[in-house]
Undergrad: 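Got a structure here, written out as structure tokens. Questions coming.
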There are 2 protein chains.
Amino acid sequence: MAKRITTQEKILNAAEALFAEQGFEQTSLRQITTEANVNLASVNYHFGSKKALIQAVMARYLEVFMPKLAEQLTVLNARGNFSTRDVFDCFREPLAELKQVRKHGPTLFLSLLGFAYAEIQGHLRRYTMEHFGEVMALLLDTLHQANPQLSPVDMFWRLHFVLGATVFAQVSGPALREIAAADFGEAVAADQVIDRLIPFLAGGLDAASHSSTVE
Amino acid sequence: MAKRITTQEKILNAAEALFAEQGFEQTSLRQITTEANVNLASVNYHFGSKKALIQAVMARYLEVFMPKLAEQLTVLNARGNFSTRDVFDCFREPLAELKQVRKHGPTLFLSLLGFAYAEIQGHLRRYTMEHFGEVMALLLDTLHQANPQLSPVDMFWRLHFVLGATVFAQVSGPALREIAAADFGEAVAADQVIDRLIPFLAGGLDAASHSSTVE
DNA sequence: ATCCATTTTAAACATGCGTTTTAATTTAAA
DNA sequence: TTTAAATTAAAACGCATGTTTAAAATGGAT
């Protein structure tokens, strides 16, 4: 009855859970194979190396997320006349779609993305740019249209500030939610962190640029 | 004439440079001692462990920075009637003071802080909270006064978004500056990144909260 | 000059890592 | 049923890490 789970899937599932929790470098193949109940050598047999395993874990999500995002951005561009907030809202649906990949897909994906960005894994950045460079370019262009008052180089920097805040919110999310619950007696779900984040990001992106604030 | 440099200082100087460049975990004691021209065992002899060395590296800066920051915040609080931007500007002078510790102190310190925050080193967070917890509380309170429309829990989250964006801007700074220079033919100095960052952060912090944007 | 505490040195230790090897086992096709 | 390919298994390899040990060197104080 129950669908047969291959060794590769067992490895991918165990790996992504541990990666999202501890980061890529901190997670050893022995941890992964123990958790997955498979032999240590099977990772190298099926994937070739740890690097390749990391890419495979990310690919499962990126291949769903990126086309959906490109779709949303294209629709918005066709419509025209949009705000920064509209651009950010383009991320909501593609992110929600990741539930189809995995139950807690959206949260897992953001955590993975966080560690990928934090540990500056050259090979992952290269992989993303090679496979989804057009989507990134489309995003930058869309954001520029929403904020024509900002120069391209300004937008470049702010986009990375946005990435930084997002990634950090996710990676330190569990710890911060714990502290917030203790200090303010207010439990915050993971999804609600994003709701708190988006206004912050939009406010930052829409702010006047530094050159115009210099007297 | 030339001031005698002790082994401990040689270690601290080599360690902070390597830590700021590669992060704490990525930097080995052998790298540090080779760079410092001292014996491998001297790190454990003088500092006890790698963890303790990391704390010692951070302490040199925190012990200068934190009191200065507390001073600035106290003055601002006494004055009353201030904006978010004013709060952030309180960081400029204490940061600039770090040049007295080391020539490129401000940049080094932010990079170290970035890695400290990125690699969630429990012992470093504990150290900071134990020694400078009051300053952090003062900062949170000051920001709350500048934005009374935000709830304390909202401010808590946004402060961490700010930290995330800052830390990331610094850690990925060198790589991003390189890309920016290549793509836009515009060289950006490290100090100017902060000038680009502050308006972004202030805009994000001042944004309307999510609850007021929900229809 | 002698002595003793401090410091430096070289070597080894114990551990964990990713990877490779070789053999046993399972699987599916002929 | 036989045969060959695919997969799993156990063990070892080579390497890098932080730490410890024990001897040698150093430097002031007596």
Side-chain angles (χ1 to χ4, degrees), chain A residues 2-59 112 115-116 118-124 126-127, chain B residues 2-59 112 115-116 118-124 126-127:
Chain A
K3 175 173 53 180
R4 176 128 184 89
I5 298 179
T6 68
T7 298
Q8 302 200 25
E9 284 173 323
K10 284 201 268 185
I11 293 173
L12 284 174
N13 293 344
E16 80 168 7
L18 289 167
F19 285 157
E21 195 182 328
Q22 312 174 336
F24 298 106
E25 308 226 335
Q26 303 298 326
T27 302
S28 72
L29 295 185
R30 283 167 177 82
Q31 268 185 286
I32 294 169
T33 52
T34 299
E35 181 72 22
N37 269 310
V38 300
N39 189 271
L40 169 62
S42 55
V43 169
N44 285 290
Y45 175 76
H46 285 288
F47 297 94
S49 69
K50 186 181 178 181
K51 277 191 177 186
L53 172 62
I54 293 174
Q55 285 196 4
V57 166
M58 294 303 291
L112 291 171
F115 281 112
E119 311 173 6
I120 306 177
Q121 303 255 19
H123 68 279
L124 234 175
R126 230 176 298 125
Y127 168 84
Chain B
K3 176 171 55 182
R4 175 128 184 89
I5 299 178
T6 68
T7 297
Q8 303 200 25
E9 285 173 323
K10 283 201 268 185
I11 292 173
L12 284 173
N13 293 343
E16 79 168 9
L18 290 166
F19 285 158
E21 195 181 330
Q22 312 174 337
F24 300 106
E25 308 227 336
Q26 303 297 328
T27 302
S28 71
L29 294 186
R30 282 169 177 81
Q31 269 186 285
I32 294 170
T33 52
T34 299
E35 181 73 22
N37 270 310
V38 300
N39 188 271
L40 168 61
S42 55
V43 169
N44 288 72
Y45 176 77
H46 285 289
F47 297 95
S49 69
K50 186 180 178 181
K51 277 190 178 187
L53 172 62
I54 293 173
Q55 286 196 4
V57 166
M58 294 303 291
L112 292 171
F115 280 112
E119 311 172 7
I120 307 178
Q121 304 254 19
H123 68 280
L124 235 177
R126 229 176 298 125
Y127 169 83

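Source: prediction; values computed, not measured. Values below: all heavy atoms of this structure, side chains included; hydrogens, waters and symmetry mates excluded.
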Undergrad: Taking only N and O in the side chain of His46(B), is any of them less than 4.0 Å away from OP1 or OP2 of dT6(C)?
TA: no
Undergrad: Considering the options Leu53(B), Leu12(B), Thr7(B), which one meets the side-chain contact (heavy atoms from CB on, under 4.5 Å) requirement together with His46(B)?
TA: Thr7(B)
Undergrad: Between dT8(D), dT19(D), dT6(C), which nucleotide has the shortest distance from any of its atoms to the side chain of Thr7(A)?
TA: dT8(D)
Undergrad: From CZ of Phe47(A) over to P of dT20(C), roughly how many Å is that when rounded to an integer?
TA: 16 Å
Undergrad: What residues from residues 33-42 of chain B pass a heavy-atom cutoff of under 4.0 Å to DNA chain C?
TA: Asn39(B), Ala41(B)
Undergrad: Determine whether a donor-acceptor pair (one donor, one acceptor, N or O, separation below 3.5 Å) exists between the side chain of Arg30(A) and the base of dG16(C).
TA: no
Undergrad: Among the candidates dT17(D), dT8(C), dT7(D), find the nucleotide nearest to the side-chain atoms of Tyr45(B).
TA: dT8(C)
Undergrad: I'd like to check the side chain to side chain donor-acceptor pair (under 3.5 Å) partners of Glu21(B); sequence neighbours left out, ordered by chain and number.
TA: none
Undergrad: Would you say the side-chain atoms of Thr33(A) pair up with the backbone N or O of Leu29(A), donor to acceptor, closer than 3.5 Å?
TA: yes
Undergrad: Would you kindly give the NZ-to-C1' distance between Lys51(B) and dT17(D), to the nearest whole Å?
TA: 15 Å
Undergrad: Separation of Asn44(A) atom CG from dT19(C) atom C1', in whole Å?
TA: 5 Å
Undergrad: Counting N and O atoms only, with roles assigned by atom type, does the side chain of Gln26(A) sit under 3.5 Å from a partner on the main chain of Gly23(A), one being a donor and the other an acceptor?
TA: no
Undergrad: Tell me the interatomic distance from Ile54(A), atom CD1, to dC17(C), atom C1', rounded to whole angstroms.
TA: 14 Å
Undergrad: May I have the distance from Gln22(B) (atom CD) to dT17(D) (atom P), rounded to whole angstrom?
TA: 10 Å
Undergrad: Over all heavy atoms of both residues, which pair between Lys50(A) and Phe24(A) is shortest? Give the atoms and the distance, please.
TA: NZ-O, 3.2 Å
Undergrad: Whole angstroms only, please: what is the CD-P distance between Gln26(A) and dC17(C)?
TA: 10 Å
Undergrad: Taking all non-hydrogen atoms of both residues into account, name the closest pair between Leu18(B) and Thr27(B) and its distance.
TA: O-OG1, 3.4 Å
Undergrad: Any donor-acceptor pair under 3.5 Å linking the side chain of Thr6(B) with the backbone of Glu9(B)?
TA: yes
Undergrad: Once you round it to whole Å, what is the distance between P of dT8(C) and CD of Gln8(B)?
TA: 9 Å
Undergrad: To the nearest Å, how far apart are Lys50(A) NZ and dG18(C) P?
TA: 4 Å
